[in-house]
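Here's the structure, in structure tokens; my notes come after.
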Amino acid sequence: MTADSTPLYEHPDRNLALELVRATEAAAIRAQPFIGKGDKNAADGAAVDAMRAFLGTVDFDGVIVIGEGEKDKAPMLFNGEHVGTGRGPSCDIAVDPIDGTSLTAAGRQNAISMLAASDRGTMLDASSVFYMNKIVTDGDGFGVIDIDRPIGDNIRAFAKAKGKAVGDIRVAVLDRPRHQQLIEDIRATGAGTRLMLDGDVAGGINAARYGTRIDMCVGIGGSPEGVATACAIKALGGFIQTRLAPKDDDERQKGIDAGLDIDKLYEANDLVSGDNTFFVATGVTDGGLVAGVKRLGPIIRTESIVLRSHSGTIRRIEADHLVSRWL
């Protein structure tokens with residue numbers, strides 16, 4: 001029994017994470033032939049099919065809270081879809097078979113296959129508002145960072161907390177026109193930027209990890225990615241603050257109708273409540289988080305990262321898969 005008298009078998013356990021990583025490995029392997037071929041939809045479709053097939057073999061009752069759209073857009077993994085055998089723990093699922101489909105199609109770095117899980121009913125469904133503003137750091141950001149302050153103030157305060165010169169701070173930002181002023185403001189402090197072409201999940205995780213080249217990840221990105229990132233941040237002991245960023249009044253009202261508080265400051269526990277989250281990711285292309293999938297003669301090599309908040313563990317899994325089993 002757990003502290004709240006709930007039987008252990010009703011909670012996702014450590015074995016589940018090692019099962020889920022098989023799904024992200026499969027998605028990355030199936031996407032590998034499409035790397036650099038210019039067809040992001042073909043890459044995504046192959047990854048989705050592989051992930052769905054492997055999830056169907058896992059003993060859990062998963063409901064996709066954050067997927068790739070509504071049911072009428074199947075064969076994508078859609079919001080509300082049930083995955084798993086239906087036996088075992090009940091979970092909320094956030095999934096992106098390829099976070100960085102454009103990166104994959106272009107053969108660029110930092111594409112990953114990712115999946116996050118938490119106890120049923122603990123994951124915020126923010127799908128009605130597509131974007132949110134985010135700021136992510138490691139645990140030194142607590143009591144120091146405030147998303148509502150100017151970015152320059154946050155950078156200077158964080159540098160002081162870290163005992164670093166402002167000029168040594170590196171801030172990851174999605175390279176988008178909407179961030180032009182933000183990028184200029186970051187550089188005006190003397191800090192450096194790391195511009196991301198796509199997919200800010202890996203950027204947020206790297207900002208929360210100790211010993212990486214990124215100190216902070218900021219800017220407006222996808223709301224689903226923000227919730228998935230929070231699952232990883234809780235395992236890393238990192239810091240995240242977000243605010244929803246509806247693109248117009250219609251989307252704002254849509255979010256309100258869905259029960260979201262548009263003006264609320266959402267932190268990790270608001271995005272994913274409870275302390276039993278998992279985050280798994282397998283590299284599709286090489287990046288700062290994990291190495292990309294590679295075909296090496298008779299084997300396919302994958303690298304994955306597995307994070308669990310309950311135990312505060314970070315595991316890396318390198319696996320060699322026989323090519324003959326994937327033909």
Q.
Would the distance check show the side chain of Q241 and the main-chain N or O of I135 forming a donor-acceptor pair, the cut-off being under 3.5 Å?
A. no
Q.
Any side-chain to backbone donor/acceptor pair from T193 onto L195? Under 3.5 Å, distance only.
A. no
Q.
I'd like to know whether CZ of R295 has more than 12 heavy-atom contacts from other residues, nucleotides or ligands below 6.0 angstrom.
A. no
(Q) Contact between T242 and N133 at the side-chain level, heavy atoms closer than 4.5 Å - yes or no? (A) no
Q) Would a 4.5 Å heavy-atom cut-off, applied to side chains only, mark V21 and T282 as touching? A) yes
Q | V280-V95 co-clustered via ILVMFWY side chain contacts under 4.5 Å | A | yes
**Q.** S223 versus L244, closest heavy-atom pair with distance
**A.** OG-CD2, 3.8 Å
Q: Begin from the C-alpha positions of Q253 and D257 and carry the test side chain to side chain contact (heavy atoms under 4.5 Å, CB included) through to its verdict.
A: CA-CA 6 Å; Q253 188 59 52; D257 292 343; 2.8 Å; yes
(Q) Heavy-atom count check: over 12 atoms from other residues, nucleotides or ligands less than 6.0 Å from E184 CD? (A) yes
Q. If you measure from CD on E225 to CG on L174, what distance do you get to the nearest 0.5 Å?
A. 9.0 Å
Q. Is there a side-chain contact between L103 and Q109, using heavy atoms and a 4.5 Å cut-off?
A. no
Q) Distance from Q180 atom CD to D185 atom CG, nearest 0.5 Å? A) 10.5 Å
Q. Do I64 and V83 come close enough that some side-chain heavy atom pair is under 4.5 Å?
A. yes
**Q.** Distance, nearest 0.5 Å, that separates CZ of R194 from CE of M216
**A.** 14.0 Å
Q) Can you find a pair of side-chain heavy atoms, one from M132 and one from L271, that are under 4.5 Å apart? A) yes
Q. With the 4.5 Å side-chain cut-off for hydrophobic clustering, are F158 and V218 part of the same group?
A. yes
(Q) D138 vs L236, test: side chain to side chain contact (heavy atoms under 4.5 Å, CB included). Steps then yes/no. (A) CA-CA 8 Å; D138 63 24; L236 293 165; over 6 Å; no
Donor-acceptor pairs are to be reported for all side-chain atoms of residues 32-40 against protein atoms at under 3.5 Å, with residues two or more places apart or in another chain.
from	atom 1	to	atom 2	distance (Å)
K37	NZ	P33	O	3.0
D39	OD1	N41	N	3.3
D39	OD1	A42	N	3.1

Q) Would you say the side chains of S113 and T24 form a donor-acceptor pair under 3.5 Å? A) no
**Q.** Shortest non-hydrogen contact from G283 toward A28
**A.** O-CB, 3.6 Å
Using distance only, find each side-chain donor-acceptor pair of residues 197-204 under 3.5 Å and give its atom names and separation, not counting sequence neighbours.
from	atom 1	to	atom 2	distance (Å)
D200	OD1	K134	NZ	3.3
D200	OD2	K134	NZ	2.8

Q. How far does OG of S309 sit from CZ of F279, to the nearest 0.5 angstrom?
A. 13.0 Å
Q | Within 6.0 Å of NZ in K162, more than 12 heavy atoms from elsewhere | A | yes
Q: Identify whether the distance between the nearest side-chain nitrogen and carboxylate oxygen of K264 and D270 falls below 4.0 Å.
A: yes
Q. Under 3.5 Å, side chain of D92 to main-chain N/O of T122, donor-acceptor pair present?
A. yes
Q: Specify the closest pair of heavy atoms between C231 and T277, including all atoms of both residues, with the distance to one decimal.
A: O-OG1, 3.0 Å
**Q.** Exceeds 12 heavy-atom contacts within 6.0 angstrom, atom CZ of R316
**A.** yes
Q. Do other residues, nucleotides or ligands put more than 12 heavy atoms under 6.0 Å from H321 NE2?
A. yes
Q: Compute whether any side-chain donor of one residue and acceptor of the other, for T85 and D59, lie under 3.5 angstrom apart.
A: yes
Q) If two hydrophobic side chains count as joined below 4.5 Å and joins carry through other members, does L18 share a cluster with I314? A) no
Q) Going only through I, L, V, M, F, W and Y residues with side-chain contacts under 4.5 Å, is there a path from V173 to F239? A) yes
Q: May I ask you to test the P246-I262 pair for a side-chain heavy-atom distance under 4.5 Å?
A: yes
Q.
With a sphere of 6.0 Å drawn around CG of D249, does it hold more than 12 non-hydrogen atoms of other residues, nucleotides or ligands?
A. no
Q) Between R308 and N276, does a side chain to side chain contact (heavy atoms under 4.5 Å, CB included) hold up when you go through it step by step? A) CA-CA 7 Å; R308 188 186 185 204; N276 195 35; 3.4 Å; yes
Q: Please report the shortest heavy-atom distance between T104 and A43, naming the atom on each side.
A: CG2-CB, 4.1 Å
Q | Evaluation steps, side chain to side chain contact (heavy atoms under 4.5 Å, CB included), between V129 and R252 | A | CA-CA 7 Å; V129 177; R252 182 183 180 88; over 6 Å; no
(Q) Do R315 and S304 make a side-chain contact, defined as non-hydrogen atoms from C-beta onward lying under 4.5 Å apart? (A) no
Q.
Any heavy-atom pair between the side chains of I93 and I66 that's under 4.5 Å?
A. no
Q: Ignoring hydrogens and angles, tell me if any N or O in the side chain of Y266 forms a donor-acceptor pair with the backbone of I240 under 3.5 Å.
A: no
Q: Give a yes-or-no answer on whether the side chains of T189 and R156 include a donor-acceptor pair shorter than 3.5 Å.
A: no
Q) Does N79 reach the main-chain N or O of G67 with its side chain, forming a donor-acceptor pair under 3.5 Å? A) yes
Q. When the ring planes of F54 and W326 are compared, do they come out parallel, tilted or perpendicular, using 30° and 60° as the limits?
A. parallel
Q | Salt bridge flag under 4.0 Å for residues E25 and R22 | A | no
Q. About how many Å separate CG of L289 and CD1 of I205, when rounded to the nearest 0.5 Å?
A. 5.5 Å
Q. Which atoms form the tightest heavy-atom contact between V166 and A159, and what is the distance?
A. CG2-CB, 3.9 Å
Q) So which heavy atom on N110 is nearest to which on G287, and how close? A) OD1-CA, 3.1 Å
Q: Output yes when a side-chain donor or acceptor of E81 lies under 3.5 Å from a complementary backbone atom of F78, and no otherwise.
A: yes
**Q.** R243 with D263: basic N within carboxylate O range, under 4.0 Å
**A.** no
**Q.** Within 6.0 angstrom of K164 NZ, more than 12 heavy atoms from elsewhere
**A.** yes
(Q) Does the structure place the NZ or CZ of R178 under 6.0 Å from the centre of the six-membered ring of Y131, at an angle of no more than 45° from the ring's axis? (A) yes
Q) Can D215 and R170 be counted as an ion pair, charged N to O under 4.0 angstrom? A) no
Q.
Return the CG to CG distance between L124 and N269, rounded to the nearest 0.5 Å.
A. 12.5 Å
Q | Verify same cluster id: V306, L55 (apolar side-chain graph, 4.5 Å) | A | yes
Q) Hey, is the main chain of D146 close enough, under 3.5 Å, to the side chain of N154 for a donor-acceptor pair? A) yes
